[in-house]
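Take a look at the structure below.
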Amino acid sequence: MKGKIVFGLLLMLAITAGLSAQQTKTIAVGVDAMPLFKGFIWTDNDADNSLFALSPSFEYAAVPHFSICGTADLWFGELGKVDIFYFGLAIHGRWYPLSAGLDKLFLDAGLGFNSFSVNGETDAKFGGFSGLTIGLKAGWKLLMGQTFFMEPSMAYVYAKSGNVPTPLGWQAGLSIGMAF
């Protein structure tokens with residue numbers, strides 16, 4: 001029984017790898033829609049709160065099966081009558097075990113920096129913070145046609161956090177963008 005399961009998994013892996021005969025993409029730009037949705041949901045919970053979250057990304061296929069990515073988090077909002085701003089910047093390395101380009105299954109590890117300001121102050125006594133972030137992610141980049149992609153993923157991010165939604169803990173992702 002175990003041999004049949006292993007054989008079936010190896011056969012699926014070989015078929016999936018064989019289907020990757022399409023043109024290899026080397027650059028991808030996108031934006032993660034999940035932080036935007038998170039901001040809308042947080043805003044809807046309390047009329048005094050608002051949050052607009054933008055999380056763009058850039059990816060470059062350095063060598064077959066590996067890429068280097070840069071991501072940013074730019075989140076603007078209000079907590080009651082207080083202005084809040086979250087900024088994060090991270091660099092990631094990705095491994096695509098099933099494809100030599102930027103598609104299919106990926107495993108991602110990243111290291112970055114984040115900062116949260118309350119009325120322009122990042123000092124902890126005002127409710128702000130600054131620090132390092134580290135994250136691990138797994139997902140699937142699905143090319144739709146020749147250019148567009150959709151990328152569902154799940155990540156675990158360890159970082160400093162406050163009393164507003166920030167990328168901390170388990171994070172679902174849904175990036176959309178273009179690959180060239």
Side-chain angles (χ1 to χ4, degrees), residues 2-41 52-76 86-115 131-159 165-180:
K2 289 180 185 178
K4 289 181 182 180
I5 293 172
V6 170
F7 177 75
L9 291 173
L10 289 174
L11 182 62
M12 285 177 29
L13 180 64
I15 291 170
T16 305
L19 292 175
S20 66
Q22 57 188 316
Q23 181 182 3
T24 303
K25 307 296 184 183
T26 58
I27 295 175
V29 292
V31 63
D32 193 347
M34 292 305 277
L36 186 63
F37 294 141
K38 183 190 282 190
F40 290 154
I41 292 168
F52 179 77
L54 184 64
S55 295
S57 64
F58 174 82
E59 182 176 9
Y60 173 70
V63 295
H65 299 283
F66 291 95
S67 70
I68 298 171
C69 313
T71 60
D73 291 316
L74 304 166
W75 300 12
F76 309 89
Y86 177 81
F87 172 75
L89 192 61
I91 187 163
H92 298 258
R94 279 193 178 175
W95 175 49
Y96 288 89
L98 302 178
S99 173
L102 301 177
D103 63 332
K104 300 192 179 21
L105 175 71
F106 66 85
L107 303 173
D108 178 312
L111 180 65
F113 169 82
N114 70 348
S115 178
L132 295 175
T133 65
I134 189 166
L136 299 172
K137 182 191 290 187
W140 191 277
K141 185 172 289 200
L142 175 64
L143 289 175
M144 299 181 303
Q146 292 298 315
T147 306
F148 295 99
F149 70 84
M150 181 171 50
E151 182 184 288
S153 64
M154 182 58 97
Y156 187 81
V157 178
Y158 186 71
T166 60
L168 176 67
W170 289 104
Q171 301 290 316
L174 181 61
S175 291
I176 53 175
M178 296 173 33
F180 309 98

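If you read the sequence from its start, that first residue is 1, and numbering goes on from there.
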Test: Asp103 and Lys141 ion pair at under 4.0 Å: no
Test side chain to side chain contact (heavy atoms under 4.5 Å, CB included) applied to Leu136 - qualifying residues, sequence neighbours left out: Ala109
Whether Glu151 and Lys104 form a salt bridge (side-chain N of Lys/Arg under 4.0 Å from carboxylate O of Asp/Glu) is what I want to check. no
Counting C-beta onward and ignoring hydrogens, is there a side-chain heavy-atom pair between Tyr86 and Leu74 closer than 4.5 Å? no
Among all residues two or more places apart in sequence or in another chain, which pass the side chain to side chain contact (heavy atoms under 4.5 Å, CB included) test with Thr26? Ala61
Closest non-hydrogen contact found for Ala159 with Thr133 is CB-CG2, 3.4 Å
Measure up the Trp95 and Phe66 rings against each other and bin them: parallel (under 30°), tilted (30 to 60°), perpendicular (over 60°). parallel
Name all residues meeting the side chain to side chain contact (heavy atoms under 4.5 Å, CB included) criterion together with Ala179; count only those two or more places apart in sequence or in a different chain, and write none if there are none. Lys25, Ala28, Leu143, Phe149
Heavy-atom closest pair, residues Leu107 and Ala138: CD2-CB, 3.8 Å
Tell me every residue that passes side chain to side chain contact (heavy atoms under 4.5 Å, CB included) with Ser57, counting only those two or more places apart in sequence or in another chain. Thr71
Asp73 meets the side chain to side chain donor-acceptor pair (under 3.5 Å) criterion, sequence neighbours left out, with Ser55
Looking only at heavy atoms, the pair that brings Ala72 and Leu89 closest together is CB-CD1, 4.1 Å
Do you know the tightest heavy-atom contact between His92 and Gly110? ND1-CA, 3.4 Å
Within a radius of less than 6.0 Å around OH of Tyr60, do more than 12 heavy atoms belonging to other residues, nucleotides or ligands occur? no
Can you find a heavy atom in the side chain of Leu54 that is under 4.5 Å from one in the side chain of Val31? yes
Heavy-atom distance under 4.5 Å between the side chains of Phe180 and Thr147, does that happen here? yes
Side chains of Lys38 and Gln171: does their closest heavy-atom pair fall under 4.5 Å? yes
Let me confirm one number: the CZ-CZ distance from Phe52 to Phe76, rounded to the nearest 0.5 Å. 8.0 Å
For Ser67, enumerate each residue passing the side chain to side chain donor-acceptor pair (under 3.5 Å) test, keeping only those at least two apart in sequence or located in another chain. Glu59
Is the shortest heavy-atom distance from the side chain of Pro35 to the side chain of Trp75 under 4.5 Å? yes
Which pair of heavy atoms, one from Leu174 and one from Met150, lies closest together, and at what distance? CD1-CG, 3.6 Å
Are side-chain heavy atoms of Ile91 and Ile68 found at a separation under 4.5 Å? yes
For Phe113 and Ser115, work out which heavy atoms get closest and say how close. CE2-CB, 4.0 Å
Counting only heavy atoms from other residues, nucleotides and ligands, does the tally under 6.0 Å from CD1 of Ile176 exceed 12? no
Beyond-backbone contact of Leu98 with Trp140, side-chain heavy atoms, under 4.5 angstrom: yes
